[in-house]
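For reference, the structure discussed in these notes is given below.
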Amino acid sequence: MKGRLHSTLLYVLLTIAAALILYPVIYTFFMAVMSPEEASAYPPHFIPHSFHLANFTEVFEIVPIAAFIGNTFLISGLTMIGQLITASLAAYAFAKMEFKGKNFIFSMFVATMMIPWEVTIIPNYLTVRSWNWLDTYQGLTVPFLATAFGTFLLRQFFLQLPKELFEAARMDGCGHIRYFLFHVLPLSRPALGTLAVYSFLNMYNSYLWPLLITNSENMRTVQIGISMLEFQESTSWNLVFAGTALVILPSLLLLVFGLKQLVRGMAAGALKG
Amino acid sequence: MSELNKSMGLGTRSRHLASSKARIRTSSLKIQRLRENALAYTFLAPSLILFAVFMFYPMLKSVYLSLHSTDPAGNVAAYVGLDNFAVLFSSGQFLQGIKVTLLFALLTVPAGILLALVLAALTHSKLRGMRIFQFAFSLPMVLSVGSSAVIWKFLFHPTLGMFNYVLSLLHINPVPWLTSPDWALLSVAIMTIWMNLGFNYIILSSGLQGIPDDMYESAKMDGAGPLITFWRISMPLLSPTIFFVTVVSIIGAFQSFAQINILTKGGPVNSTNVFVYSIYQEAFVNFRFGTGSAQAIVLFVVILLLTMIQFKWVERKVHYQ
């Protein structure tokens, strides 16, 4: 009886907490389907009384949100693929190969984790500008193609692969490249998946760098585009929220499908650090 | 060679043969090792080149720029030594910025961790439906600062916003969330706590899951209630995780930018002008790259110190185990 009361109380508490935490997100989706009058009505409505799916098509007409979404998916995808390639190569070298200066180079990788990205932003901006990379996809992606975090994550995973596997492959005359491509990578799908989700989200959500180096409307990313929506006098709240709902939807889907992977990645980060 | 071998007799010849075989083996080993070295560096090259261009070189360039004055195009005008730093530390605005950042960390870090800890502890049971709550509490993590700030900006709206409407239902006067210097930093902090909740919650939850079940069982056998169990068992075992989350949160507070830029733009009257926002202003609005870089170096030193403290702590922890 007492246990029953306890768990009921727990559920009530958790439900209230969940409602409060989810409220800003629920509010976004509610506002996104309100009519313009309802969205700016006072008192504000907690629950929409109208259902305007047309907001979503209208937001595509007033801002190039399709271009924003396209850009963001492109740069996030490119960065993700780039990070998977550079990190898995470097991680393999650290985990499975012997070479001169291994310790020194490894400590250089550690050092990069100590440099906050914001500290290098002024010279990086000047570099990218001097290469005429402002407003380009390479300017948005190339600085982020290598990651020490990803390298450590994958190295840890590669080290856990059984030694016998490597020896057996060696006996069959398998060199490093073949072993890496056809044995290590296929076996490391969970770790690669974690890094993929992690790097895609990071890039999808990035704000400061795209803000600095993109100027033209058709190069903007969603995060910048969406924060500019509210400055347009003509747009109304319901459209701003329709745009925001579209922007946060992919991340929410990623959370649904990738929560486990993400948690694993972050736990690895926590253990490491 | 062969004549020499003949005169030396069978024993030495075979010995000689063996040693030349060994020599061939060592030289092929050497080639193999060389090849492995070359291959390893090929594997490392993409990362190393990118780090060199976008991390190490900029780091040095930041130091260089911080010792120079620049023209608005970013070209170096003159060597000024430590003048940029002297200017920073004698300007009230920079010191005010440090104060704001520290206050921001103080407002966001303890509250953010405490809240996440409570939620992690409450969801750390095997009751049904906990996965839904775990999902709900992790959710803010995947939302970007950019879109979250836009959402919160409307929640904070002085007349039409939901917060002031709810307050009016409770007969409380409207709060000037983002428009008053007294409230703005607190408002940004509330939004930031919400935003950080997902990460803190996930890390603390997985920390709790790492504590072996039999510890709890033996505590239960000894008749300890849930609160005592939490204080005596969970908290001490969780302390490294809490420490990690604390350091990461403080570093995060020192790096906040997007929510400031969208919600308040550093205002009103610089009341939310945190570190990175002020670097952004100095370099990319006022085009003073020298003093901007000097601020960046100060930020680097602060974050480096925090990171080193964390590593020291981890080392000590490992030592005591």
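Note on naming: letters A, B, ... go to the chains in the order of the sequence lines (proteins, then strands), and numbering restarts at 1 for each one. Values below: every heavy atom of this structure, side chains too, minus hydrogens, waters and symmetry copies. Fair warning: this is a prediction, and the values are worked out from it, not measured in the lab.
For A:I224, no part lies near chain B; criterion is any non-hydrogen pair under 4.5 Å. In this structure, no portion of B:S148 lies under 4.5 Å from any heavy atom of chain A. B:F284 touches chain A through its side chain: at least one heavy atom from C-beta onward sits under 4.5 Å away, while N, CA, C and O do not. Looking at B:L143, the atoms closer than 4.5 Å to chain A (heavy atoms on both sides) sit in the backbone and in the side chain alike. For A:E98, the parts sitting under 4.5 Å from any heavy atom of chain B are the backbone and the side chain alike. Contacts between B:S168 and chain A at a heavy-atom distance below 4.5 Å involve the side chain alone, from C-beta outward. For chain A, no part of B:M308 is nearby; none of its heavy atoms comes within less than 4.5 Å. B:L304 touches chain A through its side chain: at least one heavy atom from C-beta onward sits under 4.5 Å away, while N, CA, C and O do not. Contacts between B:V166 and chain A at a heavy-atom distance below 4.5 Å involve the side chain alone, from C-beta outward. Only the side chain of B:T307 has a heavy atom closer than 4.5 Å to any heavy atom of chain A. In this structure, the portion of B:F133 lying under 4.5 Å from any heavy atom of chain A is its side chain and not its backbone. At a 4.5 Å heavy-atom cutoff, the contact between B:L197 and chain A is made by side-chain atoms alone. Proximity to chain A is limited to the side chain of B:I303, based on heavy atoms less than 4.5 angstrom apart. Heavy-atom distances place no part of B:F275 under 4.5 Å from chain A, backbone and side chain included. No part of A:V222 comes within reach of chain B, as not one of its non-hydrogen atoms sits under 4.5 angstrom from that chain. Contact annotation for A:L254: neither backbone nor side-chain heavy atoms come within less than 4.5 Å of a heavy atom of chain B. Contacts between A:M108 and chain B at a heavy-atom distance below 4.5 Å involve backbone atoms as well as side-chain atoms.
Between A:F180 and B:F43, the ring center distance clears the sub-6.0 Å criterion. Ring-centre distance between A:F152 and A:F106: below the 6.0 Å cut-off. With ring centers used as reference points, A:F144 lies under 6.0 Å from A:W117. The aromatic ring centres of A:Y125 and A:W133 sit 6.0 Å or more apart. Taking the six-membered ring where the residue is Trp, the centroids of A:F241 and A:F29 are separated by 6.0 Å or more. Taking the six-membered ring where the residue is Trp, the centroids of A:F46 and A:F30 are separated by 6.0 Å or more.
For the set A:L126, A:I226, A:L255, the entry with the most heavy-atom pairs within less than 4.5 Å of chain B is A:L255. Chain B forms more heavy-atom pairs under 4.5 Å with one residue of A:I248, A:I121, A:I85, A:I122 than with any other, namely A:I122. Considering only heavy-atom pairs separated by less than 4.5 Å from chain A, the leading option among B:M130, B:H157, B:Q134 is B:H157. Interface summary for chain B: among A:A91, A:A87, A:A93, the most heavy-atom pairs under 4.5 angstrom belong to A:A93. In terms of heavy-atom pairs under 4.5 angstrom with chain B, the leader among A:L14, A:L10, A:I105 is A:L14. Options B:G146, B:P58, B:A296, B:A258 differ in how many heavy-atom pairs under 4.5 Å they form with chain A, and the most are formed by B:P58. Top candidate by heavy-atom pairs under 4.5 Å with chain A, chosen from B:V247, B:T123, B:L48, is B:L48. The greatest number of non-hydrogen atom pairs below 4.5 Å with chain B, out of A:A90, A:A18, A:P143, is found for A:P143. Between chain A and the residues B:F137, B:F257, B:F56, B:F51, the most heavy-atom pairs under 4.5 angstrom are made by B:F51. Contact count versus chain A (heavy atoms, under 4.5 Å) is highest, among B:F135, B:Y57, B:F254, for B:F135. Considering only heavy-atom pairs separated by less than 4.5 Å from chain A, the leading option among B:I251, B:I297, B:L299, B:L139 is B:L139. For the set A:T127, A:L13, A:T15, the entry with the most heavy-atom pairs within less than 4.5 Å of chain B is A:T15.
Remark: the backbone N or O of B:P174 is not paired with any side-chain donor or acceptor of B:N164 at under 3.5 angstrom. In this structure, the side chain of A:T86 engages the main chain of A:L145 through a donor-acceptor pair within 3.5 Å. A donor-acceptor pair under 3.5 Å is formed between the side chain of A:N238 and the backbone N or O of A:M34. Side-chain atoms of B:N84 come within 3.5 Å of backbone atoms of B:H68 as a donor-acceptor pair (strictly under, hydrogens ignored).
Residue B:L263 comes nearest to B:A149 through the heavy atom pair CD2-O, 3.5 Å, listed as atom of the first residue, atom of the second, then distance.
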List the steps and the verdict of side-chain contact (heavy atoms from CB on, under 4.5 Å) for A:F68 and A:T221.
CA-CA 5 Å; A:F68 296 163; A:T221 62; over 6 Å; no

Under the side-chain hydrogen bond (donor to acceptor under 3.5 Å, both in side chains) rule, what do B:S144 and B:S147 come out as? Steps first, then yes or no, please.
CA-CA 6 Å; B:S144 70; B:S147 7; 2.6 Å; yes

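No more than 12 heavy-atom neighbours from other residues, nucleotides or ligands sit within 6.0 angstrom of CZ on B:R33. For A:I47, the CD1 atom is loosely surrounded, since the number of other residues' heavy atoms within 6.0 Å does not exceed 12.
Identified under the side chain to side chain donor-acceptor pair (under 3.5 Å) test for residues 34-56 of chain B, with sequence neighbours left out: A:H176-B:E36. Within the structure, every pair that satisfies the side chain to side chain donor-acceptor pair (under 3.5 Å) test and touches residues 282-291 of chain B, not counting sequence neighbours, is listed here: B:E282-B:R288, B:E282-B:T291.
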